[in-house]
Amino acid sequence: MANNVYEILKERGFIAQLTHEEEIKRLLENEKVTFYIGFDPTADSLHVGHFLQMMVMAHMQRAGHKPIALIGGGTAMVGDPSGRTDMRRMMTRETIKYNADKFKVQLSKFIDFSNDRAMMVDNSDWLLKLNYVEFLRDIGVHFSVNRMLTAECFKSRMEKGLTFIEFNYMLMQSYDFLVLNQNYGCRIQLGGDDQWSNILGGIELIRRVEGKEAYGMTFTLLTNSEGKKMGKTEKGALWLDAEKTSPYDFYQYWRNVDDADVIKCLKLLTFLPMTEINKLAELKNEQINEAKKVLAYEVTKLVHGEDEASKAKQLAEALFGGGGSTSNMPTTELSADELAGGVNIIDILVRTGLAPSKGEGRRLMQQGGIYLDENPVTAFDFAITRDLFKDNELILKKGKKTYHKLIIK
RNA sequence: GGAGGGGUUCCCGAGCGGCCAAAGGGGGCAGACUGUAAAUCUGUUAUCUGACGAUUUCGAUGGUUCGAAUCCAUCCCCCUCCA
C-alpha cells in the first residue's frame with residue numbers, strides 16, 4: 001500500500017529516525033511540503049552517499065513535495081564534526097567555491113529544477129555576512145552547551161578533541177533551517193542519520209524563534225552488511241562524476257557488491273518497483289548474480305544515463321562472458337614506430353596505469369597477475385611487438401577484472 | 001601561562017644509536033578456491049634495478065656521531081592535567 005511517499009520510503013528502507021512519526025506521515029499525505037537536504041561541498045564531486053540523498057529527494061518530488069537542495073558553501077568553511085574522529089582539514093574559500101559550483105552542476109542533473117519544482121540555494125549567501133555578536137545574541141542564546149555536549153555527534157570527539165569552530169557547526173546548520181523556514185516555508189529537513197543532532201538543533205531553534213513546529217527525518221547511511229560505509233573503492237570514493245570514476249568502474253562496483261547487500265541497494269538506489277525487487281530477492285546462490293546485474297545497470301543508468309549504462313554492461317559481458325564488443329574499454333594507443341622496436345611490458349603497465357610503479361608491475365607479473373590476450377606473462381623483459389596484435393588490438397589484463405586495450409595508431 | 005605525554009611507511013601501532021625500508025594488525029593488490037559474491041588459505045605491499053645493489057623515507061630544520069626513526073637544540077602541531 002505504498003501510495004504515500006512516507007510508505008514508499010519506509011518500505012524501501014530509507015528511514016532511520018523521525019522526529020514526529022504520525023505528524024510527518026499526515027503532513028506528507030495531505031499537503032505539498034517544502035523540505036531541504038544539505039550538501040557540503042567538501043570534495044569536487046558528489047559521491048554515492050549524496051546519491052542516496054538525491055533518491056530521497058526524487059521520491060519526495062514525485063509525490064509532489066518541493067525539495068530545496070542546500071549547498072553548504074558557508075558550512076563547509078567550518079566543517080561538520082559529526083561522525084568524524086578527527087578534525088576536518090580547513091578548506092580555502094576558493095576550493096569551496098569551486099566545489100560548490102561543481103555540485104550545482106551535478107545536482108541539476110538529478111533533480112528537476114524546472115518550473116519551480118525544486119530550488120537550489122547556497123548558505124554562504126546568508127552565513128558569510130553574519131555579524132558575530134548579533135548571531136550570538138539572536139541564535140546562540142537558544143543553545144545549551146550542556147545539552148550539546150551530550151549529543152551523540154560530539155561524544156566521539158570528547159576524547160579526541162573538538163575545537164570551537166566545529167562546535168559551532170550545529171548552530172550554523174540550525175540557523176540554515178530557520179532561514180529556509182522563514183524565507184521559503186521549509187518545514188522538514190532530511191539528511192543522513194549522522195545529521196540527527198544537527199537537524200534536531202534546527203527544529204528546536206525554529207520552535208523557539210518562530211514558535212512553529214518543524215520536522216526532521218533521517219535516512220539510513222549506505223553501509224554494507226559489515227556496517228562499513230559503501231561507496232569506497234581502492235581509489236577512494238565512488239564518484240558520480242564520470243571523469244573521476246568511469247561509468248564502467250561504477251557499474252563494476254555494483255556488479256560486485258556482497259550478496260547480502262544487493263536487495264538493500266536495489267531498494268535504495270533504483271526506482272524499480274517493489275514487486276520486481278521482491279522477485280529478485282527470491283534468487284539464491286549463483287542466481288544472485290542476476291540481481292547484481294540489474295542493480296549495476298539501473299544505478300549506472302540513473303547516474304550516467306542509459307547509453308553509458310548499456311555500454312558498461314556490454315563491456316562487462318564481453319569481458320566476463322565472452323563475445324560482445326570491447327569498444328568501451330579503457331584504451332592506450334601505441335605508435336607503429338615504437339612497436340617496431342618492441343615495447344617493454346613493464347613500461348606499458350605503468351603507462352596504462354595498471355601498475356603505479358615499475359616495481360609494482362614486476363610484482364604483478366611475478367605473481368601471475370598480468371595477461372596478454374588471456375595468456376599469463378611473467379618475463380620482465382617481455383616486449384610487446386606488432387605481431388601480437390589481432391585486428392589492431394591487444395587486450396592487456398591485470399588480475400581477473402581489470403582490462404585495458406592497446407591499439408596501434 | 002605551567003607540568004607531563006606524543007607526532008613512525010595507505011590507516012592503527014611497535015621500535016628508542018648499527019642486525020630498520022622499519023615488528024604486528026587493518027586495508028589494498030595478486031594467486032588458489034568460487035558465482036565478476038562472501039569466507040578461507042598463500043604471496044605481496046617506498047622508488048630505481050633481471051638480480052647483486054643503489055637511492056629517498058620515521059612532524060620541520062640544524063647538530064653530535066664512523067653510523068640516527070632512535071641522542072642534542074630550535075621550531076611547528078596534537079593530547080592530558082593544572083591555571
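Computed from a predicted structure; not experimentally measured. So you know, we letter chains A, B, ... as the sequences are listed, proteins then strands, and number each from 1.
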Phosphate-side-chain proximity, R363(A) and G43(B), N/O vs OP1/OP2 below 4.0 Å: no
Please give the nucleotide sitting opposite G35(B) as a Watson-Crick or G-U wobble pair, both distances under 3.5 Å, or none. none
Expressed in whole Å, how much space separates the P atoms belonging to U74(B) and G2(B)? 14 Å
Output yes when K102(A) and D44(A) qualify as a salt bridge under the 4.0 Å nitrogen-oxygen rule, no when they do not. no
Indicate, with a heavy-atom threshold strictly under 4.0 Å, whether A379(A) touches base, sugar-phosphate, or nothing. nothing
I'd like the P distance from U40(B) over to U56(B), given in whole Å. 41 Å
D176(A)/Q173(A) under side-chain hydrogen bond (donor to acceptor under 3.5 Å, both in side chains): CA gap, chis, key distance, verdict: CA-CA 5 Å; D176(A) 282 346; Q173(A) 186 167 332; over 6 Å; no
Approximate separation, where rounding is to 0.5 Å, of L221(A) CG and L52(A) CG: 8.5 Å
P gap between C16(B) and U65(B), integer Å: 24 Å
Give a yes-or-no answer on whether the side chains of D241(A) and S45(A) include a donor-acceptor pair shorter than 3.5 Å. no
Considering every strand and a 4.0 Å limit on heavy-atom distances, what is the contact class for K292(A): base, sugar-phosphate, or nothing? base
Below the 4.0 Å mark, does A37(B) have OP1 or OP2 next to a side-chain nitrogen or oxygen of K401(A)? yes
Please measure how far the P atom in C66(B) lies from the corresponding atom in C76(B), and state the result in whole Å. 32 Å
Taking the six-membered ring of Y6(A) as reference, does the NZ or CZ atom of K25(A) fall below 6.0 Å from its centre and within a 45° cone about the axis? no
Check whether any side-chain N or O of T245(A) sits under 3.5 Å from a backbone N or O of W239(A) as a donor-acceptor pair, and report yes or no. yes
Between A73(B) and C82(B), how far is it from one C1' atom to the other, in whole Å? 28 Å
Donor-acceptor check, side chain of H47(A) to backbone of G49(A), threshold 3.5 angstrom: yes or no? yes
Please list residues of residues 354-361 of chain A whose heavy atoms come under 4.0 Å from any atom in RNA chain B, ordered by number; otherwise none. S357(A), K358(A), G359(A), E360(A)
Would you say A37(B) has OP1 or OP2 under 4.0 Å from some side-chain N or O of R255(A)? no
Would you tabulate the nitrogen or oxygen pairs shorter than 3.5 Å linking the protein to nucleotides 32-34 of chain B?
residue : atom : partner : partner atom : Å
A32(B)  : OP2  : K400(A) : NZ           : 2.7

Would you say that L127(A) contacts M77(A) through its side chain, given a criterion of any heavy-atom pair below 4.5 Å between the two side chains? no
From CD1 of I263(A) over to P of A38(B), roughly how many Å is that when rounded to an integer? 17 Å
Pairing partner (Watson-Crick or G-U wobble, both distances under 3.5 angstrom) of G18(B): C66(B)
In the structure shown, which nucleotide is the Watson-Crick or G-U wobble counterpart of G24(B), with both distances under 3.5 Å? C12(B)
Can you check whether R187(A) reaches T34(A) side chain to side chain, under 4.5 Å on heavy atoms? no
In the structure shown, which nucleotide is the Watson-Crick or G-U wobble counterpart of U55(B), with both distances under 3.5 Å? A46(B)
For M365(A) and C29(B), give me the distance from atom CE to atom C1', rounded to whole Å. 16 Å
Would you classify Q287(A) as touching base, sugar-phosphate or nothing, given that sugar-phosphate means primed atoms plus P, OP1 and OP2, and contacts are heavy atoms under 4.0 Å? nothing
Might you work through the salt bridge (Lys or Arg N to Asp or Glu O under 4.0 Å) test for E276(A) and K279(A), ending with a clear yes or no? CA-CA 5 Å; E276(A) 214 161 308; K279(A) 246 182 262 167; over 6 Å; no
